[in-house]
Amino acid sequence: MKIQMKLNGKNIQEEIRPDMLLLDLVRSHGCASVKRGCETSNCGLCTVILNGKPVLSCSVLAARADGAAVETLEGLQEEAAELGAFIADQGAEQCGFCNPGYILNAIALFRENPDPSDQEILEYLAGNLCRCSGYEGQLRGLRNFLEQKHGRSGKKGGLQ
């Protein structure tokens, strides 16, 4: 079956198997930030942004991306680098394996809601697993990013 999609701003047309996962398709196009983790939709390592919404690419058939726009970390380097710096500043980037999923979900959240509450951040990031840290560093980093972006200072919601 032939599909067309936009991957990180580049038009792609490809013949795929009907059972091909979106994860395998984007990786075949060099998107190494999209990782194969649990393969059960529980870890967030395979997150991509599909038509503006984060999805777990291990659970989405590539055929569903026909006519769609797919973004990965490779296509969002500038946005991702800024967010990643705030996460790293909090010591939450130990091995870095989970960071692409966190960062893509955060980008999608901030596009949808530029000033989310702490509860909204927690809900949006709930499906991302990290085995190195206790999640507080990532949350502090995202909160600090938002504080700087909105020109605020001080503690908000206990994440500091």
Are [X] and [Y] grouped together when hydrophobic residues (ILVMFWY) are joined by side-chain heavy atoms under 4.5 angstrom apart?
X: Leu22; Y: Val34; answer: yes
X: Val60; Y: Met5; answer: yes
X: Ile121; Y: Leu129; answer: yes
X: Leu125; Y: Leu73; answer: yes
X: Leu109; Y: Leu76; answer: yes

Residue pair [X] / [Y]: nearest heavy atoms and the distance that separates them:
X: Ala68; Y: Leu50; result: CB-CD1, 3.6 Å
X: Leu7; Y: Cys31; result: CD2-SG, 4.0 Å
X: Cys43; Y: Gly37; result: SG-CA, 3.9 Å
X: Ala62; Y: Ile3; result: O-CD1, 3.6 Å
X: His150; Y: Pro114; result: NE2-O, 2.7 Å
X: Val26; Y: Val70; result: CG1-CG1, 4.1 Å

Task: side-chain hydrogen bond (donor to acceptor under 3.5 Å, both in side chains) against Asn11, all qualifying residues, sequence neighbours excluded - done: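 By the side-chain hydrogen bond (donor to acceptor under 3.5 Å, both in side chains) rule, Asn11 matches no residue at all.
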- [ ] Just jot down the side-chain hydrogen bond (donor to acceptor under 3.5 Å, both in side chains) partners of Gln119, sequence neighbours excluded, or say none.
- [x]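 Result, side-chain hydrogen bond (donor to acceptor under 3.5 Å, both in side chains) vs Gln119: Glu123.
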Please list all pairs passing the salt bridge (Lys or Arg N to Asp or Glu O under 4.0 Å) test where one or both residues lie in [range], with sequence neighbours left out.
range: residues 46-56; result: Lys53-Glu112
range: residues 60-78; result: Glu71-Arg111
range: residues 5-15; result: none
range: residues 21-42; result: Asp24-Arg36, Arg36-Glu39

Open item on the list: Main chain of Val48, side chain of Ser57: is a donor-acceptor contact present, judged purely on distance under 3.5 Å?
Closed with: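 Side chain of Ser57 to backbone of Val48: no pair is present.
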Open item on the list: Is it the case that the side chain of Asn8 and the backbone of Thr72 share a donor-acceptor pair, with hydrogens and angles ignored and the cut-off at 3.5 Å?
Closed with: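 Side chain of Asn8 to backbone of Thr72, a donor-acceptor pair under 3.5 Å: yes, one is there.
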Which pairs would a plain distance check flag for residues 81-89, meaning a side-chain donor or acceptor within less than 3.5 Å of a matching protein atom at least two apart in sequence or in another chain?
none

Open item on the list: I'd like to check the side chain to side chain contact (heavy atoms under 4.5 Å, CB included) partners of Cys98; sequence neighbours left out, ordered by chain and number.
Closed with: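 Applying side chain to side chain contact (heavy atoms under 4.5 Å, CB included) to Cys98 gives Leu45, Tyr102, Cys130, Gln138.
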Open item on the list: Restricting to side chain to side chain contact (heavy atoms under 4.5 Å, CB included), what partner residues turn up for Glu120, sequence neighbours left out?
Closed with: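 Here the qualifying residues are Asn113, Pro116, Ser117.
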Roughly how far, to the nearest 0.5 Å, is the [atom2] atom of [Y] from the [atom1] atom of [X]?
X: Ile107; Y: Glu79; atom1: CD1; atom2: CD; value: 4.5 Å
X: Gln90; Y: Leu139; atom1: CD; atom2: CG; value: 10.0 Å
X: Leu142; Y: Asn105; atom1: CG; atom2: CG; value: 10.0 Å
X: Leu56; Y: Leu23; atom1: CG; atom2: CG; value: 10.5 Å
X: Phe97; Y: Ser33; atom1: CZ; atom2: OG; value: 11.0 Å

- [ ] Only pairs at least two apart or in different chains count here, so list each ring-ring contact (aromatic ring centres under 6.0 Å, His included) that has a residue in residues 27-69.
- [x]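 Sorted result for residues 27-69: empty, none.
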Task: Selection residues 45-77 - residue pairs positive for ring-ring contact (aromatic ring centres under 6.0 Å, His included), sequence neighbours left out - done: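 Non-adjacent pairs meeting ring-ring contact (aromatic ring centres under 6.0 Å, His included): zero.
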- [ ] Just jot down the ring pair (Phe, Tyr, Trp, His ring centres under 6.0 Å) partners of Phe110, sequence neighbours excluded, or say none.
- [x]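 Ring pair (Phe, Tyr, Trp, His ring centres under 6.0 Å) list for Phe110, sorted by chain: Phe145.
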